[in-house]
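Here's the structure we're looking at; comments come further down.
All chains are named by letter (A, B, ...) in the order of the sequence lines, taking the proteins before the strands, and each is independently numbered beginning at 1.
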Amino acid sequence: MLRIKLPDGKVLEMPDGSTPADVAARIGPGLARAAINARISMAGGPPRHIDVATPIPADCELSIITLKGDDADAMRILRHSTAHVMAEAICRLFPETRLVYGPPVENGYYYDIDLPRRLTPDDFPAIEAEMARIVKEDRPFTRYELPRAAAMKKLAAEGNPYKIDNAERAEGDVLSFYVTGPEPGKYWEDLCMGTHLPSTGRIGAFKVLNVAGAFWHGDATKQQLQRVYGTAFPSKKELDAYLTQLEQARERDHRRIGQELGLFTIDPLVGSGMVLWKPKGAVIRLLLEEHLRGLLRQAGYQPVFSPHVGRLELFRTSGHFPYYRDSQFPPLYESDTARILNELWIAVLERGDAKSISTIEEQLLEELRAANPGLWQTLVGDPQAPEARRLNPAPGHQQHNLAVIREHLRVEDGFLLKPMNCPLHVRIYASEPRSYRDLPVRLAEFGTVYRYEQSGELSGMTRVRGFTQDDAHIFCTPEQLQDELAGCLKLTRYVLEVLGLYDYRVRIGLHDPADPKFIKNPEGWAMAESAVRHAAEQSGISATEEVGEAAFYGPKIDFLVKDCIGREWQLGTVQADYNLPARFELEYIGSDNRPHRPIMVHRAPFGSMERFIGILIEHFAGAFPVWLAPVQAVIASISDRSADYARRVTAQLRDAGFRAEVDDSPDKIGPKKHRARSMKIPYIVVVGEQECSRGTLNVNDRDGRCIGDLSVAAFIDRLRVESRPKRVTTRASAAVE
RNA sequence: GCUGCUGUAGCUCAGCCGGUAGAGCGCGUCCUUGGUAAGGACGAGGUCACGGGUUCAAAUCCCGUCAGCAGCUCCA
């Protein structure tokens, strides 16, 4: 006998070998029809899913999963099963298809396939028709298991290297397969851990959405596969609702709204990833910047300014050059000699200390011989030259060679468009002696940085090549670190929440000791990582920890939000850094009258103005609150007879400091109102002869509500109140989940 | 960077089984002086992204470049 405990606490006694289907049937015929899977947990163990036809292995707690309600697991099972159906359809249409991997994902599923023929959206109808046939046949999903050795033999015989790879990665002594049909061998099947719907007929509605490239194992050096995306829902109605929602989400795309509302433009003649802020977009940005500047003043930050370029030597010291040159604009070299020496420096660095001189270095030296024979003589040509000025091609001299080249670079070097502001702020800190009494020193700048992002990454304002960070660097003592981190976290949460961006998640990015892209300094990392962890905990933030997501110099606490189509972007960030202070040998004099090393906090609450405002445009769908709206009110005249009054009122509002525009065009009030509403202007003020004679304004909002007839003074009061940043309490965001 | 798709008027898009271009919105002029989600008429505006090729003939077919979109990979 099996003892099955149900969610309501009732315990059923079932014969051994009973299945979830039997349990559901015992409870009621409706549940029996609705059951698609069961969640079981044995002896307090973790819950897992089993198919309705799988015998329940032991006494357990069990709950039946159905497609009714919005059970996330049920949707994953539905979509996973639909992925199988799609894979079968594709295999039937294109028998040379080799399947790779097909999991459910957030709003649907995908299946990675290896198929020489390129699928296009034109192929989707045929695939969907084939899928519909399989669904209509209502074939059961049948699980069977093989011992690992037998399963591997079977897969080897089938000759799909991807499935063999999947099987090798799977855990356990037994591998499972799912047949889309009542018995193995006669129907399509797939190596799969499950679980699945009882049968294909349970798939209510599905759609193949798009196809894109994806790398095997997510590795860009590996084979590229085709990833076919689709989704499924219990009913056609839900699918249609989802598709409508997707379409509506696209309507709030910041690239579209930015164009329509004249906020910004990106001009190929200026360059990809270069944002041109148009006057209306610039208003929003300036208002946000001014708001933050006020907060920073209160919080004891000091404004600074720094240039957009700095010497390569600066970035060599910080470590940005050359390790981060992948995402940097090419350096500006002062001379060909400087270019060759810099490339040589990189080549020496990359060779390491164990090998002797590389071909690249030899080629560069040849170039140098042509460009600067005298220097070439000194470096390699002249055996009489002083040892300290000469390169040593043998292994074991890396440090010497790097120092020699760097010495020569003191004469002529180059500049780098800054990818980050920190090295420049560090030099401001270092420009005068610091006492522990001065700390923390908080240097703030809206600093514009340039990163040469891969072309395929650029995206409107959210991923660009030139952007302005609301950056600051705090130099503090170890005792001050926690308070500083806490203050930064508070500020970051404030800027998100004041705009109603509550739908964010927080990630603690830790370094991966095995990855060479992080500066090696185990004690520094240990201290920094425990500091950010502690700060996040103390602030009551629930965060996920992710290894490998740190900056190269320190761990980060990142705030991520989703855009209108559900992509996640990092906005605010707070970082602890023990590395740059060491690389730049920063100091302060402690109370013991001895030098100490400060700790740095890097932080940017908005992150980047471009990305933040891009997200904000989508968040508000262009309908900015009054305090941020580029135009706060349009004064629309009914006819020429009231145009003068409209102009006078507009001037009054502007004198009072508000962003008002007049619409005295010859249109009727209908089109005027329509235009103002489509521009998302918060207030549409209608003035005719009636208002003119009474000295009032007929105030309407952009949602079509009439606020009423107000005196000019009353309207000004209203605008004054609403022009102060006020925490948005409604969750306006409608990112697609 | 990779794979696929796309690039036609200021904007959104149609035309694309080859025969030198169209709509709506916007813009200009005029009529209408109109009371709350698009009044009417007329007009201007395009080297069909760019460069090659095939062809009697290319917006249309082919190749390349650039740019955009989606995904992947990066970045953070």
Taking the side chain of [X] as its heavy atoms from C-beta onward, which of [options] lies nearest to it?
X	options	result
A:Pro671	B:rA38, B:rA76, B:rC72	B:rA38
A:Lys517	B:rG35, B:rA70, B:rA76	B:rA76
A:Arg451	B:rC75, B:rC5, B:rU32	B:rC75
A:Ser459	B:rG34, B:rG71, B:rA70	B:rA70
A:Arg118	B:rC72, B:rU33, B:rU3	B:rU3
A:Arg227	B:rG39, B:rG71, B:rA76	B:rG71
A:Glu457	B:rG1, B:rG71, B:rU36	B:rG1
A:Phe215	B:rG1, B:rA76, B:rG34	B:rG1
A:Pro268	B:rA67, B:rA70, B:rA76	B:rA67
A:Glu549	B:rG39, B:rA76, B:rG71	B:rA76

Nearest-Å distance for atom pair [atom1]/[atom2], residues [X] and [N]:
X	N	atom1	atom2	result
A:Asp515	B:rC74	CG	P	11 Å
A:Leu269	B:rC50	CG	C1'	13 Å
A:Arg641	B:rG35	CZ	C1'	12 Å
A:Asp123	B:rC5	CG	C1'	13 Å

With [atom1] as the reference atom in both, quote the distance from [N] to [M] in angstrom, rounded to an integer.
N	M	atom1	answer
B:rG45	B:rG19	C1'	25 Å
B:rA59	B:rC16	P	14 Å
B:rU60	B:rG7	C1'	14 Å
B:rA57	B:rG1	C1'	40 Å
B:rA58	B:rG43	P	31 Å
B:rC27	B:rG10	P	14 Å
B:rA44	B:rC50	P	24 Å
B:rA14	B:rC72	P	26 Å

Mind checking if [X] touches a base, just sugar-phosphate, or nothing, with heavy atoms under 4.0 Å?
X	answer
A:Asn210	sugar-phosphate
A:Lys222	nothing
A:Tyr110	nothing
A:Arg255	sugar-phosphate
A:Gly670	sugar-phosphate
A:Ser272	sugar-phosphate
A:Val686	base
A:Glu260	nothing
A:Gly688	base

Will you find, in the side chains of A:His602 and A:Asp577, an N or O donor that is under 3.5 Å from an N or O acceptor?
yes
Any side-chain donor paired with an acceptor under 3.5 Å for A:Asn421 and A:Gln469?
yes
A:Phe552 vs A:His320 aromatic rings, parallel, tilted or perpendicular, using cut-offs 30° and 60°?
perpendicular
Which nucleotide, in any strand shown, forms a Watson-Crick or G-U wobble pair with [N], with both distances under 3.5 Å?
N	value
B:rC48	none
B:rG34	none
B:rC72	B:rG1
B:rC25	B:rG10
B:rG19	B:rC56

With the threshold set at 4.0 Å, does a side-chain nitrogen-carboxylate oxygen contact exist between [X] and [Y]?
X	Y	answer
A:Asp253	A:Arg256	no
A:Arg463	A:Glu453	yes
A:Arg505	A:Glu546	yes

Got a donor-acceptor pair under 3.5 Å from the side chain of A:Asp219 to the base of B:rU73?
no
Counting distance alone, no hydrogens or angles: does the base of B:rG35 have a donor or acceptor under 3.5 Å from a partner atom on the side chain of A:Glu691?
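In this structure, the two groups form a donor-acceptor pair.
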With A:Tyr553, the side-chain hydrogen bond (donor to acceptor under 3.5 Å, both in side chains) member among A:Gln575, A:His511, A:Arg583:
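Only match with A:Tyr553 under side-chain hydrogen bond (donor to acceptor under 3.5 Å, both in side chains): A:Gln575.
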Could you walk me through whether A:Gln454 and A:Glu457 satisfy the side-chain contact (heavy atoms from CB on, under 4.5 Å) test, starting with their C-alpha distance in whole Å, then the side-chain angles of each, then the deciding distance to 0.1 Å, before giving a yes or no?
CA-CA 5 Å; A:Gln454 301 187 93; A:Glu457 294 307 334; 3.9 Å; yes
